[in-house]
Amino acid sequence: MSEATQSLIEQAKEKFGVILKEQVERVEEMKKGGEPLDYSTLSPVIIGVCFGDGIGEIISKNAQTVLEHTMKDEVAAGKVEFRDIAGLTIENRAKHNAAIPEDVLAELKACHVILKGPTTTPQAGDEWPNIESANVAMRRYLDLFANVRPVKVPEDGIDWTFFRENTEGAYVLGSKGMDVTDDISFDFKVITEQGAERIIRMAFEFAKKNDKKRVTVVTKSNVVKTTDGRFSRVAKRIAQEYPEITCDEWYIDIMTAKLIDPARRADFQVMVMPNLYGDILTDEAAQLQGGVGTAGSANVGNKWSMFEAIHGSAPRMVKEGRAQYADPSSMIRASAMLLRHIGHVEEAEKVEMALEMCGQFEKKIVLTGRDNGATGEELTNYILSWYENPELKARWEEEVAKLK
Ligand code: IPM
Ligand code: MG
């Protein structure tokens, strides 16, 4: 081996040393634990809304209209406060060369919960500096360790809740890989005992509270033996505390197949998995529900929580002048999840029923993403009219009964 190569290896080892220290510090923080915020003790509950970019701007405004409508009495009573948070646009992030500029992060931290529109994630070679994804950074800075993504297809008996680990796995050092030599690139995947435990425990607790009988752990622990091996081991340990719940483990490859197997897929209930598997699996699941534009996601931590669509900012739609036809259902669903999270369960249920009436049952207002379909604003107004309709619950129950 040449001296030059030897020296590159030494440099890489040094960088790895720094990374290891950071990860040990992160674990020390996790060990301190923490209790989830009790929103019932807060007045006002501060809801930050950041619009993001691309179609994010439009669909977030649609969702904000719905959210503010449901909370108008609380706002008037001073129990809820909305704050617009600007500056999470790709232009501003590129200008500051930061995933989240510092002043924006401070504003986010001053809120209790956040509704966040899709943000553009740069990739090497495109028009933006290759900064880290704002989503990934926000999840890490606010320690939003659980990415909870429900997917329902009532006519197929599908009612899934995915618990995607959100702060480690292949993502935590996704921007800290190294080109060790001209020929060799390294990325890192990290799974910690504490990181695995808190997401797996949350999945089991959810199953217990919601009378679910099965928690499925998704890994590739037969091949990725160390990190996924730990995830799998932690799951087995925690499962022992919940004898009434069946816990099984599936590998990610066969799991992607089973989600589209009509004979088996309705058997899955709660699924828990490391970060990247969750990213992939939840897009697949959302597609079965009607597309990623229909799926919302909760990013839950102890101090803060953030709610968003599961998809990106669709720059192509904007370039082609189609942004107003983007489906805001994902962001409206995220708003319902936010409402439920802060304890406004009744309003959350009404928003969800209105969404389902419009999107799954009635299908009067159909979005195609193009000018042969309705606009996001039209759908938003229609959802609001259902929200206000005193017959909403009865009509929704009628539709659900037809499926049985
Ligand atoms: C998601 C998205 C993000 C992710 C992107 C935008 C960085 O795909 O929320 O699933 O990979 O987590
Ligand atoms: Mg994704």
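We count ligands from 1, going down the list as the structure has it; atoms in each ligand are counted the same way.
- The aromatic rings of H69 and Y387 lie perpendicular to each other, with more than 60° between the two planes, well past the 30° mark.
- Annotation: ring-ring contact (aromatic ring centres under 6.0 Å, His included) contacts involving residues 262-293, sequence neighbours excluded, comprise W250-F268.
- The salt bridge (Lys or Arg N to Asp or Glu O under 4.0 Å) test with D143 is passed by exactly one of K303, K32, R198: R198.
- In summary, of the residues considered (F204, F145, F206, F231), a ring pair (Phe, Tyr, Trp, His ring centres under 6.0 Å) with F163 occurs for F206 alone.
- The aromatic rings of F162 and W160 sit perpendicular, their planes meeting at an angle over 60°, well past the 30° parallel limit.
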For ligand 1, list all ligand N or O to protein N or O distances below 3.5 Å, rounded to 0.1 Å.
residue, atom, partner, partner atom, Å
ligand 1, 8 (O), D279, OD1, 3.2
ligand 1, 9 (O), R139, NH2, 2.7
ligand 1, 9 (O), R149, NH2, 2.8
ligand 1, 10 (O), R149, NH1, 3.2
ligand 1, 10 (O), R149, NH2, 3.1
ligand 1, 10 (O), R164, NH1, 3.1
ligand 1, 10 (O), D279, OD1, 2.8
ligand 1, 11 (O), Y171, OH, 2.6
ligand 1, 11 (O), D279, OD1, 3.4
ligand 1, 12 (O), R139, NH1, 2.7
ligand 1, 12 (O), R164, NH1, 3.3
ligand 1, 12 (O), R164, NH2, 2.8

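- Residue-and-atom listing of protein N/O/S atoms under 2.8 Å from the Mg ion (ligand 2), sorted by chain and number: D279 OD1.
- Each of R340, K152, R333 was checked for a salt bridge (Lys or Arg N to Asp or Glu O under 4.0 Å) with E352, and the lone residue meeting it is R340.
- With respect to T192, the side chain to side chain contact (heavy atoms under 4.5 Å, CB included) criterion is satisfied by exactly one of E197, R26, E165: R26.
- In this structure, Y39 has its ring center no closer than 6.0 Å to that of H112.
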Can I get a per-line list of side-chain donor-acceptor pairs under 3.5 Å for residues 93-103, giving both atom names and the distance, sequence neighbours left out?
residue, atom, partner, partner atom, Å
R93, NE, L88, O, 3.0
R93, NE, T89, O, 3.4
R93, NH1, T120, O, 3.2
R93, NH2, D53, OD2, 3.2
R93, NH2, T120, O, 3.0
H96, ND1, N92, O, 3.0
H96, ND1, N92, OD1, 3.3

